[in-house]
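Below is one structure, written out as structure tokens, with a few remarks after it.
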2 protein chains.
Amino acid sequence: MKKAEATRLNILHKAFELIYEKGYQTTSVDDIIATTQVTKGAFYYHFKSKDDMGLAIINDILKPTFTNSFVKPLQKEKNPLDSIYTLMYNLLMNNEFLKVEFGCPASNFTQEMTPWHANFSKVLDELTNEWIETMIAIIEKGKKSEFINKSVNAKQVTMFIMSGYWGIRNFGKLENNKNAYLPYLKELKNYLNTLK
Amino acid sequence: MKKAEATRLNILHKAFELIYEKGYQTTSVDDIIATTQVTKGAFYYHFKSKDDMGLAIINDILKPTFTNSFVKPLQKEKNPLDSIYTLMYNLLMNNEFLKVEFGCPASNFTQEMTPWHANFSKVLDELTNEWIETMIAIIEKGKKSEFINKSVNAKQVTMFIMSGYWGIRNFGKLENNKNAYLPYLKELKNYLNTLK
DNA sequence: CATAGAAGATACCATTTAGTATTTTGCAAA
DNA sequence: TTTGCAAAATACTAAATGGTATCTTCTATG
């Protein structure tokens, strides 16, 4: 029971890497079993289909990672504006898991699978909503503790900020470098200051 | 020479629609010739390969449309802040060419083709840069004509705004409705007001 | 009208794809 | 040690893919 779980996770991790780099559709099951050194029999023993594995990647790999890297850091600092800026800075500049040339895995999946794969849309929506709700919550909290102006609309600000993150990832991917990240981050800081 | 050009454009337009909806990789040449009612011989008479056609779509269809819908409107009004907001509002809420559930074609192409198809990246980068440069220019102009605060950094603001647009498209796609567009647009207006 | 070349039609190919059927191995409990 | 099942290996299939070779039809110009 232990070894089997290991091969399953091995498949998921390696497949995630491949899909993050090349995309879901262009990563074939044959690609995956070639790089994992796992046979097709083993693959289809662990997963009913390619899509079944794709969903497992999101649920078992992406979701926990996302929670750790995107959601939890939001709750670390007292001033939510600091939390938000630090999060974005770290995600874009420091996170060694996320590569500039491959964009954001959650965003890539959304772009590629939505709107045609309803199951994928669903779990991706859950993923995203966790992030949204957390950011809304810390902004509301920040309004109460006077870090943020009472007139600020938390939902609006959240959507505005998160859109920016997803969008700037696209620029990084397109230009294959982090040059675009810097002006974005500077202006994000300016914008956050207007919320005080 | 006239009829041939018509079939060529017919292929490009229909293929663009299919790819905009389903993605490039999942749209097969067989799909395209089926919906265009054009035979494979005709298809490969006009295009060396599928990728050759893909590039033609960007250069001959997407680029002109993009210039008309994204770039030119930026130069219409005297106050660049008005131009920007009106552009975004129209792109998201009124443009009948862009469908919320399918996202932004330029963004979709970027996500799917970059970084593995260098030729695609190149033309998409040109496309994007035209938009960036134009927005920077009108902001600089706006600073001179006192519509915009002199302390504003045009490049920063441009990257910040455009990221937001690309990102919010992703939200619309994910949720398959325009609900997320409204808070985004409201906050965009707030943000633009801070640049005065 | 004649005809050359542009434009399009048809049938096919080699490869790749996701998925399956069948067999073999490993290992834990009786 | 035997047995039973979990896990993995092997060999295959049908369908779809991008692309090509060859043939036919249309059309502009002399």
Side-chain angles (χ1 to χ4, degrees), chain A residues 1-61 108-109 112-113 116-120, chain B residues 1-61 108-109 112-113 116-120:
Chain A
M1 196 72 103
K2 208 59 181 302
K3 179 109 176 292
E5 189 59 16
T7 43
R8 191 190 121 98
L9 283 177
N10 183 27
I11 293 172
L12 287 179
H13 277 114
K14 293 260 175 61
F16 175 85
E17 281 302 319
L18 284 174
I19 290 167
Y20 177 37
E21 295 179 10
K22 309 199 314 169
Y24 182 82
Q25 314 276 6
T26 40
T27 301
S28 68
V29 175
D30 284 347
D31 283 341
I32 295 167
I33 67 174
T35 65
T36 47
Q37 304 268 54
V38 156
T39 60
K40 205 160 240 190
F43 181 93
Y44 279 100
Y45 172 79
H46 287 286
F47 306 103
K48 279 204 300 293
S49 63
K50 187 191 176 187
D51 279 3
D52 183 46
M53 181 220 56
L55 291 170
I57 285 180
I58 299 179
N59 281 316
D60 300 357
I61 308 289
N108 292 355
F109 263 117
E112 196 173 353
M113 309 312 279
W116 296 111
H117 295 70
N119 293 333
F120 282 84
Chain B
M1 195 71 102
K2 207 59 180 303
K3 179 108 176 293
E5 189 59 16
T7 42
R8 192 188 120 98
L9 284 176
N10 183 29
I11 293 173
L12 287 180
H13 278 114
K14 294 259 173 62
F16 175 85
E17 282 303 317
L18 284 175
I19 291 168
Y20 177 37
E21 295 179 10
K22 310 200 311 170
Y24 181 82
Q25 314 275 9
T26 41
T27 301
S28 68
V29 175
D30 285 349
D31 284 341
I32 294 167
I33 67 174
T35 65
T36 48
Q37 304 270 51
V38 156
T39 60
K40 207 162 237 193
F43 182 93
Y44 280 99
Y45 173 79
H46 287 285
F47 306 103
K48 278 204 300 292
S49 64
K50 188 192 177 188
D51 279 1
D52 183 46
M53 181 220 58
L55 291 171
I57 285 181
I58 300 179
N59 282 316
D60 299 357
I61 309 290
N108 292 355
F109 262 117
E112 198 173 351
M113 309 312 279
W116 297 110
H117 295 69
N119 293 332
F120 282 84

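To find a chain, count down the sequence lines: A is the first, B the second, and so on, and within it residues start at 1. The figures here come from the full heavy-atom set of this structure, side chains too, leaving out hydrogens, waters and symmetry mates.
OP1 or OP2 of D:dG18 has not a single side-chain nitrogen or oxygen of B:Ser49 nearer than 4.0 Å. Put simply, A:Ser28 has a side-chain N or O that comes within less than 4.0 Å of OP1 or OP2 on C:dT17.
Across all non-hydrogen atoms, the minimal contact from A:His46 to A:Ile11 is CD2-CD1, 4.5 Å. The heavy-atom pair separating B:Tyr44 from B:Ser49 by the smallest distance is CE2-CA, 3.9 Å. Of all heavy-atom pairs between A:Phe120 and A:Gly54, the closest is CE2-C, 3.7 Å.
Between the CG atom of B:Leu12 and the CD1 atom of B:Ile32 there is a distance of 9.5 Å, given to the nearest 0.5 Å. Note: A:His13 NE2 to A:Leu9 CG = 6.0 Å, rounded to the nearest 0.5 Å. Atoms CZ and OG1, on B:Arg8 and B:Thr36 in that order, are 14.0 Å from each other to the nearest 0.5 Å.
Here the side chains of B:Phe43 and B:Met53 are in contact, with some heavy-atom distance below 4.5 Å.
Rounded to an integer number of Å, the gap from CD of A:Gln25 to C1' of C:dT16 is 15 Å. A:Arg8 places its CZ atom 16 Å from the P atom of D:dA6, with the value rounded to the nearest Å. Here the C1' atom of nucleotide C:dT20 and the NZ atom of A:Lys50 are 18 Å apart, to the nearest Å. Per the geometry, CG belonging to A:Asp31 stands 17 Å off P belonging to C:dT15, to the nearest Å. One can place CG of B:Asp30 at 14 Å from P of C:dT10, the figure rounded to the nearest angstrom.
Near DNA chain D, meaning a heavy atom under 4.0 Å from it, residues 32-48 of chain A has A:Thr39, A:Lys40, A:Gly41, A:Ala42, A:Tyr45, A:His46 in order of number. Of the residues in residues 53-61 of chain B, not one places a heavy atom less than 4.0 Å from an atom of DNA chain C.
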Nucleotide N/O of nucleotides 23-28 of chain C paired with protein N/O under 3.5 Å:
none

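A:Thr27 pairs by the side chain to side chain donor-acceptor pair (under 3.5 Å) definition with nothing, not counting sequence neighbours. In this view, A:Asp52 satisfies the side chain to side chain donor-acceptor pair (under 3.5 Å) rule with no residue, not counting sequence neighbours.
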Criterion side chain to side chain contact (heavy atoms under 4.5 Å, CB included) on A:Asn108 and A:Glu112, from CA distance to verdict: CA-CA 6 Å; A:Asn108 292 355; A:Glu112 196 173 353; 5.6 Å; no
Could you pull out all donor-acceptor pairs under 3.5 Å where a side-chain atom in residues 16-24 of chain A meets a protein atom, sequence neighbours excluded?
from, atom 1, to, atom 2, distance (Å)
A:Tyr20, OH, A:Lys99, N, 2.8
A:Tyr20, OH, A:Lys99, O, 3.2
A:Tyr20, OH, A:Gly103, O, 2.6
A:Lys22, NZ, A:Asp31, OD2, 3.1
A:Tyr24, OH, A:Lys50, O, 3.2
A:Tyr24, OH, A:Asp51, N, 3.2
A:Tyr24, OH, A:Asp51, OD1, 2.5

